[in-house]
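Here is the naming used below: chain letters follow the sequence lines, and residue numbers restart at 1 for every chain.
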There are 2 protein chains.
Amino acid sequence: MKVLIIEDDALHRSYLHEAVRSALPECDAVMESENGRLGEIDARKLRAEFVVMDLQMNDRNGIEAARTIWRERPDTKILFWSNYSDEAYVRGVSRIVPGGATYGYVLKSTSDERLKLALRSVFLESQCVIDREVRGIQQKGMGAGHGLSDAEYEILVDVALGLTDKTIASRKKLSLRTVQNRLQQLYEKLDVYQEAGDDESRYNLRTRAVAVALMRRVLNASAVERAERDLQDDADC
Amino acid sequence: MKVLIIEDDALHRSYLHEAVRSALPECDAVMESENGRLGEIDARKLRAEFVVMDLQMNDRNGIEAARTIWRERPDTKILFWSNYSDEAYVRGVSRIVPGGATYGYVLKSTSDERLKLALRSVFLESQCVIDREVRGIQQKGMGAGHGLSDAEYEILVDVALGLTDKTIASRKKLSLRTVQNRLQQLYEKLDVYQEAGDDESRYNLRTRAVAVALMRRVLNASAVERAERDLQDDADC
DNA sequence: GCTTGTCCTGCGGGAACCCGCAGATCGCTG
DNA sequence: CAGCGATCTGCGGGTTCCCGCAGGACAAGC
């Protein structure tokens with residue numbers, strides 16, 4: 001049994017190494033990659049079946065790396081180990097996990113015990129382990145709370161990229177008015193409105209929405225980057 | 001001599017503790033706070049003269065914490081120890097450092113030696129130590145490169161907050177047209193334009209600009225949050 | 001003095017936005 | 001089937017944005 005660690009912080013990497021060693025004595029090789037790009041290459045080269053990785057990495061995002069790894073071997077078991085439970089990350093992960101794949105999502109703030117438990121559960125028993133807090137974010141996304149639906153999230157991303165209503169409409173094969181309708185749903189969900197009062201302190205709803213999304217951690221820079229890359233790919237086709 | 005460590009990651013905190021101990025044997029007490037908010041309180045309580053802190057923290061940003069610490073004791077010596085050299089952070093720091101204060105900015109990726117050297121230089125010899133890479137970002141901001149001037153940065157932040165041209169004008173006591181002029185400078189600097197070609201893939205310049213700024217790390221979520229808080233304060237007055 | 005450059009300001013028009021109103025489609029339920 | 005709700009679509013308007021053109025204020029340099 002071989003385990004691949006993808007993590008760009010040296011301290012965390014060695015900590016993970018130690019945790020894997022002690023949690024999985026049946027593991028006979030622990031490899032390390034120090035960013036997402038190298039992680040993809042190493043995973044391919046080693047035919048890794050067991051991966052534990054960070055999400056926020058400089059060179060190449062954990063989500064992107066996981067996506068290509070899963071594309072090549074959908075049965076790879078991946079344990080995400082992240083600092084944050086931002087909705088953007090949680091949503092990003094659940095967006096790329098292939099059907100039936102087993103994975104885990106634990107926060108770096110959890111105890112040694114839980115990390116080791118998660119390692120064993122995910123890798124040996126093919127059980128999905130999601131931290132309580134992360135679970136909460138997931139729920140909020142689906143439930144009737146002020147979370148965003150998929151349609152709303154998609155339009156949020158397009159708007160955050162700086163696209164025009166018309167452009168979004170033609171990309172999504174929708175009418176212009178429909179796009180604007182969804183935008184208004186979005187504004188409502190994000191609690192963004194014209195500050196009806198005087199001539200002071202009005203908002204540009206469109207940019208205000210992305211500001212609020214950023215502050216609520218619904219969106220983050222890497223989500224925008226991923227979308228940008230998808231956009232470029234579309235354009236090339 | 002007492003040193004206060006403000007860092008929310010347990011691993012990094014203990015690593016820093018060790019580094020301080022070995023770099024500064026004359027230091028007789030090392031305290032730790034595990035986020036920005038507690039850091040402010042502890043610094044006040046302990047009358048800390050020497051602080052080493054992270055920038056990216058969950059509860060309260062390193063920049064905000066440093067601002068209040070420096071406001072209370074401008075001669076505090078602070079060494080920032082950060083993962084990133086995002087322009088948003090670098091600019092944020094240099095925006096709050098009081099005249100004549102000594103501080104340092106080193107990246108977490110630098111070696112033990114350099115970290116210890118920085119600790120001694122900043123704390124004992126009152127010398128400012130800025131990592132080479134960070135220095136590079138600073139230069140780019142000032143120099144004739146495609147970095148942003150202060151005026152452009154300010155308007156970028158206001159736009160990112162979602163304010164209207166008119167609102168910005170009245171807040172900044174400028175004419176509407178002037179604000180729009182600056183916006184156009186900004187668009188040029190960020191290389192944002194209408195994609196003149198067809199009817200496809202046009203941009204909404206305003207939101208496109210914040211997207212590009214996010215991707216170039218000129219802006220980040222915490223910069224937006226800080227601006228938002230300032231905005232609310234203004235409104236209250 | 002004149003010129004040159006940089007910054008601020010006003011005007012005007014075309015485009016994009018925000019949004020209310022109304023009709024059309026589709027799925028669901030009694 | 002009739003009725004209801006949710007979603008998509010078109011139209012029209014008021015507002016805001018993007019930007020070219022043109023003038024005025026001020027400093028620096030020939």
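Residues satisfying the ring pair (Phe, Tyr, Trp, His ring centres under 6.0 Å) test with Y153(A), not counting sequence neighbours, are none. Listed by chain and residue number, E152(B) satisfy the side-chain hydrogen bond (donor to acceptor under 3.5 Å, both in side chains) test with Q185(B) (two or more places apart in sequence, or in another chain). With sequence neighbours excluded, the residues forming a side-chain hydrogen bond (donor to acceptor under 3.5 Å, both in side chains) with R37(A) are D59(A), listed by chain and number.
Inspection of the E228(A) and Q232(A) side chains reveals an N or O donor paired with an N or O acceptor under 3.5 Å.
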* What string of B, S and - do you get for nucleotides 13-19 of chain D, 5' to 3', if B is base contact, S is sugar-phosphate-only contact and - is no contact with any protein heavy atom under 4.0 Å? -> ---SSBB
* To do: Carefully, step by step, assess R60(A) and E225(A) under the rule salt bridge (charged side-chain N to carboxylate O under 4.0 Å, His left out).
  => CA-CA 10 Å; R60(A) 192 175 179 88; E225(A) 277 164 10; over 6 Å; no
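Within the structure, the salt bridge (Lys or Arg N to Asp or Glu O under 4.0 Å) test picks out the following pairs touching residues 121-134 of chain A (sequence neighbours left out): R114(A)-D131(A).
A distance of 9.5 Å separates OH of Y105(B) from CD1 of I130(B), quoted to the nearest 0.5 Å.
At a threshold of 4.5 Å between non-hydrogen side-chain atoms, the residues L219(A) and V224(A) count as touching.
Here the range on DNA chain C touched by chain A, meaning any atom under 4.0 Å from one of its heavy atoms, is dA16(C) to dC21(C).
The CG atom of L174(A) sits 10 Å away from the C1' atom of dT9(D) (whole-angstrom rounding).
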